[in-house]
Amino acid sequence: MNLKDHIRHVPDFPKPGILFYDISTLLAHADAWKEAVKQLHALIAPLKPDLLVGIESRGFLVAAPLALELGIGFVMVRKKGKLPGPTVRHSYALEYGEDTIEIQEAALRPGQRVVVLDDLLATGGTMTAAIELIRKVGGEVAATAYLIELSFLNGRKRLEALGVPSHSLMVYES
Ligand SMILES: O=P(O)(O)OC[C@H]1O[C@H](OP(=O)(O)OP(=O)(O)O)[C@H](O)[C@@H]1O
Ligand SMILES: Nc1ncnc2[nH]cnc12
């Protein structure tokens, strides 16, 4: 099965000039979605994380089923203002805008090894901010993983500079 057959390309969304890689079509196809989760499981299980972290919102869709499959917990990184109690937050730029994300201070125990999941790696701005937050609350980021990587936006290099490897199922080079 070619997972790329299940990704819809939408020009000029959410802004003129952006080609949007839509995972809705993958999620709606039971066999393709099951295959994607299976392939991510094969990449992540050998890393033996203590926890998975998912980034709101599409990252949740990827991290939650995988955490269940791995039999480990799942921690949310959310857009600002959504998490109760003490949090740390970080603002960042992404391919088509800017935003602020947060994690709860008590989300991780010091030294816990996490893998961070998102649906897509573009510039790496979102993931850089997430790594910053996880490190601030004492976590160790073993790796990041994605369904889709837009390699021409060089997110992987940006994360390598932080000492964090990236794994992706589908790579688009232009
Ligand atoms: O590598 P970057 O340039 O940072 O871009 C990647 C991020 O952009 C999208 O999130 P978005 O903020 O659109 O949120 P959503 O998941 O709620 O749709 C995507 O889900 C990644 O989180
Ligand atoms: N081109 C793109 N398609 C879908 N999600 C994205 N997040 C950042 N860039 C994106």
Side-chain angles (χ1 to χ4, degrees), residues 3 21 23 26-27 33-80 82-83 85-95 99-172:
L3 292 179
Y21 293 79
I23 62 164
L26 176 69
L27 295 169
W33 180 228
K34 194 171 181 181
E35 175 63 22
V37 173
K38 187 176 134 195
Q39 289 186 19
L40 280 174
H41 181 273
L43 285 173
I44 292 170
L47 303 173
K48 300 198 182 310
D50 298 313
L51 285 171
L52 294 186
V53 176
I55 305 177
E56 185 176 356
S57 61
R58 284 174 273 155
F60 290 174
L61 302 172
V62 185
L66 216 48
L68 280 177
E69 289 260 327
L70 290 163
I72 59 178
F74 162 54
V75 166
M76 297 184 288
V77 164
R78 295 210 62 179
K79 304 283 165 65
K80 69 173 181 300
K82 303 280 187 181
L83 288 171
T87 61
V88 291
R89 65 171 59 173
H90 198 87
S91 298
Y92 61 96
L94 67 155
E95 190 189 8
D99 219 324
T100 303
I101 51 174
E102 284 183 331
I103 194 169
Q104 286 168 319
E105 279 179 12
L108 305 171
R109 285 195 305 280
Q112 276 191 311
R113 248 171 89 75
V114 307
V115 172
V116 195
L117 275 301
D118 209 344
D119 68 317
L120 183 143
L121 174 63
T123 64
T126 306
M127 192 54 82
T128 298
I131 291 168
E132 184 97 4
L133 291 182
I134 292 161
R135 288 179 171 170
K136 259 192 200 154
V137 298
E140 182 197 321
V141 181
T144 65
Y146 314 85
L147 297 169
I148 297 173
E149 174 180 357
L150 308 185
S151 60
F152 54 94
L153 293 174
N154 297 319
R156 175 180 291 268
K157 286 192 192 120
R158 190 164 169 189
L159 302 179
E160 264 166 23
L162 297 175
V164 178
S166 304
H167 302 279
S168 50
L169 299 186
M170 292 168 263
V171 180
Y172 292 89

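No side-chain heavy atom of Val62 sits under 4.5 Å from any side-chain heavy atom of Asp118. Counting heavy atoms from C-beta outward, Leu169 and Leu43 have side chains that approach closer than 4.5 Å. Contact check for Ile44 versus Leu117: side-chain heavy atoms found under the 4.5 Å cut-off. Considering only heavy atoms from C-beta on, Val75 stays 4.5 Å or farther from Val114 through its side chain. No side-chain heavy atom of Thr87 sits less than 4.5 Å from a side-chain heavy atom of Leu133. With contacts defined as side-chain heavy-atom distances shorter than 4.5 Å, the pair Ile134/Leu108 qualifies. The side-chain heavy atoms of Leu121 and Thr144, taken from C-beta on, include no pair separated by under 4.5 Å.
Counting only distance, with no hydrogens or angles, the side chain of Thr100 and the backbone of His90 share no donor-acceptor pair below 3.5 Å.
Ring geometry for Phe74 against Phe60 counts as perpendicular: the plane angle is over 60°, on a 0 to 90° scale with 30° as the lower cut.
Sorted by first and then second residue, the salt bridge (Lys or Arg N to Asp or Glu O under 4.0 Å) pairs involving residues 150-168 (not counting sequence neighbours) are Glu149-Arg156. Evaluation of the side-chain hydrogen bond (donor to acceptor under 3.5 Å, both in side chains) test over residues 34-43, restricted to residues two or more places apart or in two chains, returns Glu35-Gln39. Within the structure, the side-chain hydrogen bond (donor to acceptor under 3.5 Å, both in side chains) test picks out the following pairs touching residues 53-78 (sequence neighbours left out): Glu56-Arg78, Arg58-Tyr96, Arg58-Asp119.
Considering only residues two or more places apart in sequence or on other chains, Tyr92 meets the ring-ring contact (aromatic ring centres under 6.0 Å, His included) condition with none of them. The side chain to side chain contact (heavy atoms under 4.5 Å, CB included) test applied to Arg113 returns Leu47, Asp50, Glu140, Ala142, not counting sequence neighbours. Residues forming a side chain to side chain contact (heavy atoms under 4.5 Å, CB included) with Ala122 (at least two apart in sequence, or on another chain): Glu95, Leu120, Leu150, Leu153.
Scanning both residues, Leu159 and Met127, for their nearest heavy atoms gives CD1-CG, 3.8 Å. Counting all heavy atoms, side chain and backbone alike, Gly163 lies closest to Pro165 at O-CD, 3.8 Å. Pro49 and Leu52 make their closest contact through CG-CD2, 4.1 Å (heavy atoms, listed as atom of the first residue, atom of the second, distance). Of all heavy-atom pairs spanning Arg135 and Leu162, the tightest one is NH2-O, 2.8 Å. Closest non-hydrogen pair, Ala107 versus Leu51, comes out as O-CD1, 4.3 Å. When all heavy atoms are compared, the tightest approach of Ile55 to Ala130 is CD1-CB, 3.6 Å.
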Could you check Trp33 against Ile23 for side chain to side chain contact (heavy atoms under 4.5 Å, CB included), going step by step and ending with a plain yes or no? CA-CA 10 Å; Trp33 180 228; Ile23 62 164; 5.9 Å; no
Stepwise, does the side chain to side chain contact (heavy atoms under 4.5 Å, CB included) test hold for Ile101 with Lys79? CA-CA 4 Å; Ile101 51 174; Lys79 304 283 165 65; 4.2 Å; yes
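Distance CD/Glu102 to CG/Leu83: 6.0 Å, rounded to 0.5 Å.
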